[in-house]
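Report on the following structure.
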Amino acid sequence: MKIIVTGGAGFIGGNFVHHMVNKYPDYEIVNLDLLTYAGNLETLKPVEDRPNYQFVRGDIADRKFVFELFEKERPDMIVNFAAESHVDRSITDPEAFVRTNVMGTTTLLDACREYGIQRYHQVSTDEVYGDLPLDRPDLFFTEETPLHTSSPYSSSKAAADLFVLAYQRTYGLPVTISRCSNNYGPYHFPEKLIPLMISRALADGELPVYGDGANVRDWLHVSDHCGAIDLILHKGRVGEIYNVGGHNERTNLEVVKTILAALDKPESLIRFVKDRPGHDRRYAIDPTKIESELGWKPMYSFDTGIRQTIEWYLANESWWKHIISGEYSRYFEKMYGDRLE
Ligand code: NAD
Ligand code: TYD
């Protein structure tokens, strides 16, 4: 079995590459990544010398490159993680999201049509369903919830999902889609809420909370997401969508306070800043389908997962300090300079 994992130098893709290389020594894992600002080969250090692993640098939206790679590698499966993934960046530069998330996906799908494939798996997000009201805790996203996106990011992911489903119906391509809630865990780029707050708190910097901090996210440890994708690849039904989430809803303020308490830092570091435009209020996944059909169950509660994650950031300072000492420190100034009221 040869699997091309795209975006394997990013957060979830990197964790998935570790998972697959370790669990399936007989599989060949080809990690295809452009190494944008979010891609980091240091994440792959633990597996880079394994005989069943190779890295290829390239752009999923570069048709000539992708077709040549398929010609050479003849993969059995594609797992597409490669994406522009940060909502705030999609608000300042939507076009990059259309290019990679939509055109990159259709380029991969076309290569799958041309060369044949056992499975194309699209790693999608619960953000395609839009948001839920805060005063209706009884509502959850199911696979039947209509797509109703808010940000350029979620719109690009929804567009990609629709192409994936169209290629199944029109061309009979064997596809699956997973739509997961917010992930956290090791190797998470420190522009996203949890690693940003951990790194800021450790530096005794201000913790920028958007709006009133009452927005709710449904957190899942990244290794539980990787386990879900593994199951879908091996047991999922072609043409199906699987929602992935572990019922770990927290307000942003709760998350930030949990991090501060774990690091023994004062809540006075919290700084409420201007809200994100179009900010989704609540995400919450109903994982009944993947649980009942594939027997998936998360291993981490939020409390054990966040503790493990904070410990990882404490033990792996060099990984994230390399990131925030370079290009990213300029990004922080640009993104937050005019948010401070
Ligand atoms: P990430 O930003 O950490 O990583 C994205 C990776 O894709 C990077 O390594 C980057 O170099 C690579 N990439 C970007 N453009 C590329 C291109 N044109 N060609 C090849 N590689 C390219 O993202 P992540 O948080 O690991 O998310 C991975 C996937 O999971 C995305 O598709 C995202 O939409 C989805 N997802 C993320 C979350 C989350 O909470 N982070 C939740 C659900 C779904
Ligand atoms: P993020 O990690 O960007 O994920 P997403 O927007 O895809 O859910 O943000 C998670 C939540 O945290 C979201 O409600 C926005 C909020 N947030 C802040 O309050 N401050 C920050 O500095 C960031 C990056 C996010």
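Values below: every heavy atom of this structure, side chains too, minus hydrogens, waters and symmetry copies. Every value quoted in this text rests on a predicted model; they were computed, and no experiment measured them. Both ligands and their constituent atoms are indexed starting at 1 by order of listing.
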Give a yes or no on whether the ring-centroid distance for [X] and [Y] is below 6.0 angstrom.
{"X": "Tyr283", "Y": "Tyr129", "result": "no"}
{"X": "Tyr184", "Y": "Phe302", "result": "yes"}
{"X": "Tyr24", "Y": "His234", "result": "yes"}

Q. Salt bridge or not for Arg282 and Glu249, using N-O below 4.0 Å?
A. yes
Close residues (non-hydrogen atom under 4.0 angstrom from ligand 1) work out to Gly7, Ala9, Gly10, Phe11, Ile12, Asp33, Leu34, Leu35, Thr36, Ala38, Gly39, Gly58, Asp59, Ile60, Phe81, Ala82, Ala83, Ser85, Thr100, Val123, Ser124, Thr125, Tyr153, Lys157, Cys180, Ser181, Asn182, Asn183, Lys192
Considering only heavy atoms from C-beta outward, does the side chain of [X] approach that of [Y] to under 4.5 Å?
{"X": "Phe81", "Y": "Asp33", "value": "no"}
{"X": "Val216", "Y": "Arg250", "value": "no"}
{"X": "Arg50", "Y": "Asn22", "value": "yes"}
{"X": "Ser181", "Y": "Trp219", "value": "no"}

Exercise. Anything under 30° is parallel, anything over 60° is perpendicular, the rest tilted; go ahead and classify His247 against Phe140.
Key: perpendicular
Ordered by chain then number, the protein residues lying under 4.0 Å from ligand 2 by heavy atom are His86, Val87, Glu127, Asn182, Glu191, Lys192, Leu193, Leu196, Met197, Pro208, Val209, Tyr210, Asn215, Arg217, Asn252, Arg276, His279, Tyr283, Tyr336
